[in-house]
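Working notes, beginning with the structure itself.
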Protein chains: 2
Amino acid sequence: MKNLTLKQFRYFEALARHGHFGRAAEACAISQPALSMQIKALEEELGAPLFERDRRQVRLTNFGEEIALRARDILRALDDLEGFARASRGRLVGRLRIGVIPTVAPYLLPSLIADLIRLHGGLDLHVRETLTPKLVQELNDGRIDVAIVALPVSEPSLTEAPLFTEEFVLVRPRADEGQPVPNREALREMRLLLLEEGHCFREQALTFCNRPTHAAQPRGLLDASSLSTLVQMVEAGLGVTLIPEMAVGVETRSASVSIARFTNPKPSRTIGMVWRTTSPLTAQLLQMSETVRRSAGALGQAAAARA
Amino acid sequence: MKNLTLKQFRYFEALARHGHFGRAAEACAISQPALSMQIKALEEELGAPLFERDRRQVRLTNFGEEIALRARDILRALDDLEGFARASRGRLVGRLRIGVIPTVAPYLLPSLIADLIRLHGGLDLHVRETLTPKLVQELNDGRIDVAIVALPVSEPSLTEAPLFTEEFVLVRPRADEGQPVPNREALREMRLLLLEEGHCFREQALTFCNRPTHAAQPRGLLDASSLSTLVQMVEAGLGVTLIPEMAVGVETRSASVSIARFTNPKPSRTIGMVWRTTSPLTAQLLQMSETVRRSAGALGQAAAARA
DNA sequence: GTTTTTCATAAGGACGACTTATCGTCACAA
DNA sequence: TTGTGACGATAAGTCGTCCTTATGAAAAAC
């Protein structure tokens, strides 16, 4: 009973509809004997005649009628499946689980999500915000499909696609407005407020200052858990901090702080998408990276215009 | 896209469940390469990867998950279909369209229907009552599955199975009770009330009397459309009539008429089932004829006991 | 009686699916 | 670093399945 085939169902359906072996065979684009044999095989598999053959006509038996109903259901489900497959060719479909680091998420996600929904209607988007190492782990475990992090990640199993590079800007109290912009050495002497450990942005900031990234920080109690908190701490006069360009608009809009850009050398980070090299979404993710690159470019230009 | 096979769905489902080519292949009782090839073929047909292959695991893609849902639906429908086929092996199932002549229907149908329902629960029984020629036509057209008529029908395309033979009895006014039973010749001189033309029972009665069956009947206006009417006409003193043994119980219960049985020669008819020789229900109909034969036998004995 | 129609059967050939054997790659361990 | 094992992909060959054309059988139509 395990040798029923969809082909048999298709032939059967055709014969049921036409009531004539020759015409049904023609409709199936096969020869009449081929159809006869498949029908016979189907009847043997099912253990009962599906048709009553007569010189004058070929009629479904009761049994055949019931089987026809069920067979048509199956063929319809098959058509649906094929249609679904056709419709999802090369498109992002269903669930997309995306991970984003905290220093990117609040600034990139709104436009990113809007773009994705616009381009891939019906996409079931799951967003997860956490630190890079966790995202890498989750990528490797297949718990998320793609992550947006600072490059490089340098995981052999992952493919990286750079999206954009952005500078870090100095955030200092409004009172410092107009003061000369410190260079790296001067910055090292200032009270630099940082994110908690684990944030890649923390390490990048420290690296820019040429400070040991893993050395104990005496004022660890002041480490913030978000850029927003950092800016508020600056506003409160606790020190200065760095934030990425992308965050300037959101985080300094309503804060009385002063923004200054470094010159020579300029601190910066490259944000990129990463995914498992083996991911079948590779093509779509590459396309998606293009989209993000464009919309991030627009974002950057807007930020630059603001500055 | 027209080469999707149920086999591929079964393999696919197994791989989705096991997440491991080797074990899935084992579950399908095939070799691992065979499974690999079918999965590959399926992915090519659908135009998108179903699995993400990794050294560590084999995971469904989003696309694969959706396809898995639909494939499982199809496999489930297939199982149902197979189960239905298995369950209906050799049994009467679904609709059974049965035609019965009017001089049999009222007396046989109650017990026949009860028997059929008892033996083939869920049978969708359609009963049609009309004259023999129409029943034969409907049989040949496939509009009914079986008919119960007086034999012989002598249609080459139909198979006949006798059920029982029953005598005709004379029905005359109560006043005639105890009078000698007329023989055929005497009967010919009496006012014999008959059914309308077309009823085989009419022809059989006339044949018994040796009257021309197709000759114009001067008192055609008196022809009745049912045995019940005939008996009432006898009761009204319009003449005498013949009715089949089977009808005696029902038709004379509440009528003040007298019943007499002929002797030597006894008029009689043979009731039988007929169906298309090509009908796939042949086996079941034969079995059914056995059942009817038995229950009609009981009926006949009861009638004989009453007489 | 002959022809036509229609479905079943027969014989042969092409294609597809399965098998075993082997490869390539990564992970893990010495 | 270098085996070693696990795992999936690939290769080659065989066998079975399904299709084709040709033919048969039986009834209907002419």
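So you know, we letter chains A, B, ... as the sequences are listed, proteins then strands, and number each from 1. Values below: all heavy atoms of this structure, side chains included; hydrogens, waters and symmetry mates excluded.
Here the CZ atom belonging to Arg59(B) is positioned 7.0 Å from the OG1 atom belonging to Thr278(A), to the nearest 0.5 angstrom. Atoms NE2 and CD, on His120(A) and Gln284(A) in that order, are 7.5 Å from each other to the nearest 0.5 Å. Rounding to the nearest 0.5 Å gives a distance of 11.0 Å between CG of Asp80(A) and CG of Leu75(A). Considering CG of Leu163(A) and CG of Leu112(A), their distance stands at 9.0 Å, rounded to 0.5 Å.
Between dC19(D) and Lys7(A), a contact under 4.0 Å exists linking OP1 or OP2 to a side-chain N or O. Within the structure, a side-chain polar atom (N or O) of Ser31(A) is placed less than 4.0 Å from OP1 or OP2 of dT20(D). Taking only side-chain nitrogens and oxygens, Gln38(B) comes nearer than 4.0 Å to OP1 or OP2 of dC18(C).
Between the CG atom of Leu35(B) and the C1' atom of dT20(C) there is a distance of 16 Å, rounded to whole Å. One interatomic measurement links the two molecules: CG of Asn140(A) to P of dC26(C), which rounds to 14 Å at whole-angstrom precision. Between the CG atom of Leu4(B) and the P atom of dG16(C) there is a distance of 15 Å, given to the nearest Å. Put simply, CD1 on Ile39(A) is 11 Å from P on dC19(D), counting in whole angstrom units. Distance, Glu155(A) CD to dA27(C) P: 11 Å, rounded to whole Å. For the pair Asn3(B) CG and dC19(D) P, the computed distance is 11 Å after rounding to whole Å. The distance between atom CD1 of Ile30(B) and atom P of dG16(C), rounded to the nearest whole Å, is 18 Å. For the pair Arg59(B) CZ and dC7(D) C1', the computed distance is 15 Å after rounding to whole Å.
Between the side chains of Thr165(B) and Ser268(B), no donor-acceptor pair is found at a separation under 3.5 Å.
Both tests hold for Arg70(A) against Phe84(B): distance to the six-membered ring centre under 6.0 Å, angle to the ring axis within 45°.
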What protein N or O atoms touch nucleotides 8-12 of chain D N or O atoms at under 3.5 angstrom, if any, and at what distances?
unit_1  : atom_1 : unit_2   : atom_2 : d
dG8(D)  : OP1    : Phe21(B) : N      : 3.4
dG8(D)  : OP2    : Phe21(B) : N      : 3.3
dG8(D)  : OP2    : Gly22(B) : N      : 3.4
dA9(D)  : OP1    : Arg53(B) : NE     : 2.6
dA9(D)  : OP1    : Arg53(B) : NH2    : 3.4
dA9(D)  : OP2    : Ser36(B) : OG     : 2.7
dA9(D)  : N7     : Gln32(B) : NE2    : 3.0
dA9(D)  : N6     : Gln32(B) : OE1    : 3.4
dT10(D) : OP2    : Lys40(B) : NZ     : 3.2

I would like to know whether Glu203(B) and Thr207(B) meet side-chain hydrogen bond (donor to acceptor under 3.5 Å, both in side chains); could you show each step before the answer?
-> CA-CA 6 Å; Glu203(B) 325 301 333; Thr207(B) 301; over 6 Å; no
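The residue Tyr11(A) sits close only to the backbone: its heavy atoms come under 4.0 Å of sugar-phosphate atoms, none of a base.
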